[in-house]
Number of protein chains: 2
Amino acid sequence: MKITCSQSELLKGVNTVLKAVPTRTTMAILECILIDATGEEIKLTANDMEIGIETRISGTIEEKGVIAIDARLFGDIINTCPNSAVTIECDDKYQTLITCEESKVNIIGKPGDDFSNIPVIPRNEPLIISQLTLKDLIRQTTFTISEANANNKMMTGELIEITGDNLKMVALDKYRISIRNIKLKDSYPDKKVIIPGKTLNEIAKIMSGGSEDRVEIYFTDNHIIFEFDKTTVVSRLIEGEFINIDHMISNDYETKVKVNKSNLSEEIHGMTVILNRDPENKPFIMDIKEGNMEIRINSTIAKREGKIAVEKDGKDLVIGFNPKLFNDALKAIDDEDVTLYLVNHRSPCFIKDDEGSYIYVILPVNIQE
Amino acid sequence: MKITCSQSELLKGVNTVLKAVPTRTTMAILECILIDATGEEIKLTANDMEIGIETRISGTIEEKGVIAIDARLFGDIINTCPNSAVTIECDDKYQTLITCEESKVNIIGKPGDDFSNIPVIPRNEPLIISQLTLKDLIRQTTFTISEANANNKMMTGELIEITGDNLKMVALDKYRISIRNIKLKDSYPDKKVIIPGKTLNEIAKIMSGGSEDRVEIYFTDNHIIFEFDKTTVVSRLIEGEFINIDHMISNDYETKVKVNKSNLSEEIHGMTVILNRDPENKPFIMDIKEGNMEIRINSTIAKREGKIAVEKDGKDLVIGFNPKLFNDALKAIDDEDVTLYLVNHRSPCFIKDDEGSYIYVILPVNIQE
C-alpha cells in the first residue's frame, strides 16, 4: 500500500474514528485503525464492536492495500507531523513508513484481515435531520442516562421514538426522566429503538453541527446508522423494551410556578457548594409561597437561604430536591423562564413548556425540617 | 465584627490569600482565612507557616472585630453570591452571617486568636522590580526545581543572588541547571538567599503582572517579603548554602550549533509522543553534522527521524538527551534561535545567549546506538 494525503485531512479523519477506539481492551486489534486503500477512496475505520466509525479522506492511492495500525500512536505521530503532505507506505511484512517533509517514522502494522470491519447493512429510506438539531437533542437528554451498568443495560441507552413527523427522545435513571420532542420535516414509518448513550455522545462530538449540515439516519433490527459529512457511524442497538414511562407522566398539578431560569439555577448552585461538603448528602428545600420562592438548606456546615420572585398558581408547597439533578435539567433548557408543575412533597416535579417540546421529571427527596 | 464590601473585591482578595491555604493539614485553623477588621482597613490573611499572604480590601467597618473562617468554604460562598454588596457580621460566639441581596448564609467561625498571624518583620530598603520581569524570571526557572523532597530541601528552592545591579536566579535538579540574569535599575547590597519554589509559583499566580506594576522585595535573615498591589507575601527562606554551581559552568566547547528554536522543539516533541510509550525511557539522539542536525529515536514501538538545518562550528557530534528536559529549557527561552555549546557525548549541553541573560545546562543520556 502507498498513499499520500494532507496532514490536516488525515488528522481530522483519525480524530473522528478514534472515538470508536476503546481505551482499555484485551484485544490489541481493537486498538487499531484500519487504513483501507483497496478501493477508489482512502477509508479510515475503527470499531469497538459496539460502535464502528468509518470516514473517507481525500488523497492519492499510488498502490492499493490495507493495513491496521495502533490508533492512538498513529494519531500522535500524525499530530506531530508538519502541516504538509503525508505519505504512508507499507510492505508485505506490515513494516509501515510514514513520511512527511523531513520526518520519517517506521512502525509495525497488523494485517487488515484481523480487523473487524463494521457491518455492511442494507439501507432503506433515511430519516433526515439537521446536525445542529441532533446535537441539541443529545445535549438536552444524555446527561440523564445511567452510567454503564450491567444490571440494567437498557438504562445506559436512550429511547428514540418516531411517530409520523414527531421524533421523541427519552432518557432516564432512577430519579429522573428527560423527554424531548421535535417535529420532523417529513413523516416516517413508526419506529422505536434504544441507542447506547455512548454512541450519542460520540456522534455529538464528531458532527460539525451546522444547522445546514444534514445527518441521515438508517435503522435496521439491530443497528442504527448515522451518515454525515464523509463519515458513517454504525452502532448496535440495545435489545429489549424501553421502560414504559407513559403512566409516570401526568398533567395534574396542585402548584404551578413560573420562575426565571438563571435566578433559580444560580440560587441552587449557591446551595450546592455547601451541600457538596455535607457528608449526609442533604437536599435543598424549595418553599413556594405567593409571589416568591425561598430556597434554603440546613446543613451542619452552614445554613443558607435565598429568595426568588415567582408567579404561582395553586397551593403553597415545601419540597426538597437533590440540587445536581435539578440544575442538570435547568441547564438543558434554553428558555429564559421555566414552569414547574408540582402535586405534593412526595410527588415528582415536572418542568415543561406549553408546546410539549420538553418534559423534565425529577423525583423529590424526603425532607424532615 | 460587622463589615460591608463589594462581592468582586472580596472574591479577589479571598482568591489571593487562598494560595497560602494548604490542601491537606491536620491543623484545622490553617485551613482558615483570617478576616481582620480591628484597624482602619479590612485585611484578609492565610498562612500555612511556610508562606503567609495578607491582602487589604476596601469596604466599611461598622463594628471592629476579627474572625477566622474556613477558607475554601468561604471562597465558594462568596463566589456564588451576586455581584453586589456583601455584609459579614459575627457575634461573640463566632456565629457568622453573610448577607448579599436576598442570600443569607450562616456559618460558624473560629476565634482569631487561634490563627497564626504572618510574622511582623522590620523592613529595610526594598529591591524594586517590575511584576512582569519577576513573573518571567519565575516562569523561566522554576520548572527545574525538584519536587518536594525531604532528602534535599535545598533543591526544592531557588537561589536569588544580588550582586550590585545584577539579579541572578538559579534552579537545579539532578539533571539540569537553569540560570537567569537581569540588570536592575539600581545597585543593591549583595545578597544570596534560597526561596521555596512553591512561594515563587504562588506569587507568579497572584501578581497582576503588568510591566508598569512594581513589586517591592525585602529580605531578612529568615524571610523574604514581596509587596505588590495591596498584597504582602511573607515566605520562609530555605536555610543552608546553595550548591556551588560555578565549577559546573564552563565556556569551553568543541561543537557550537545555532538552530531555530521552534523547529528543534517540534522535532523533539514528535519523538516524545513515541518515547512516552517506551517502557525503557530511552533518549532521543542528536546527530550534529555540517549544515544539519538529525534527530532520531530507535524505540521498540517505532523508529523516527527528522532533519533540521543548523549553523555549526567545530566538530561533528552524536549525543543523547531526555526529550522532556530538553524541551522544558527550550520552552523557557523566548528567542527565535538558540545556540547549543557541546563538548562530547558525556558532557552537559549549554544553551545560552551572548549577553549571558540565560544559561540552561542539560546532562546528556548515555547512548549505545
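Owing to the predicted nature of the structure, the values given are computational and were not obtained by experimental measurement. Side chains are part of it too, since the values below use all heavy atoms of this structure and drop only hydrogens, waters and symmetry mates. A, B, ... follow the sequence lines: proteins, then strands. Residue 1 opens every chain.
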Straight-line distance of B:Ser299 OG to A:Asn106 CG, nearest 0.5 Å | 11.5 Å
Selection from [options] maximising heavy-atom pairs under 4.5 Å formed with chain A:
| options | answer |
| --- | --- |
| B:Val273, B:Thr96, B:Thr272 | B:Val273 |
| B:Lys307, B:Arg277, B:His269 | B:Arg277 |
| B:Arg72, B:Glu294, B:Glu101, B:Glu266 | B:Arg72 |

More than 12 heavy atoms from other groups under 6.0 Å of [atom1] on [X]:
| X | atom1 | value |
| --- | --- | --- |
| B:Lys12 | NZ | no |
| B:Lys303 | NZ | no |
| B:Lys43 | NZ | no |

Applying side-chain contact (heavy atoms from CB on, under 4.5 Å) between B:Ile274 and each of A:Asp76, A:Thr80, A:Val105, report the one that passes.
-> A:Val105
B:Ile301 portion near chain A, given a 4.5 angstrom heavy-atom threshold | both
Heavy-atom distance under 4.5 Å to chain A: side chain of B:Cys100, backbone, both or neither?
-> neither
Do the side chains of A:Arg304 and B:Ile77 get nearer than 4.5 Å, heavy atoms only?
-> yes
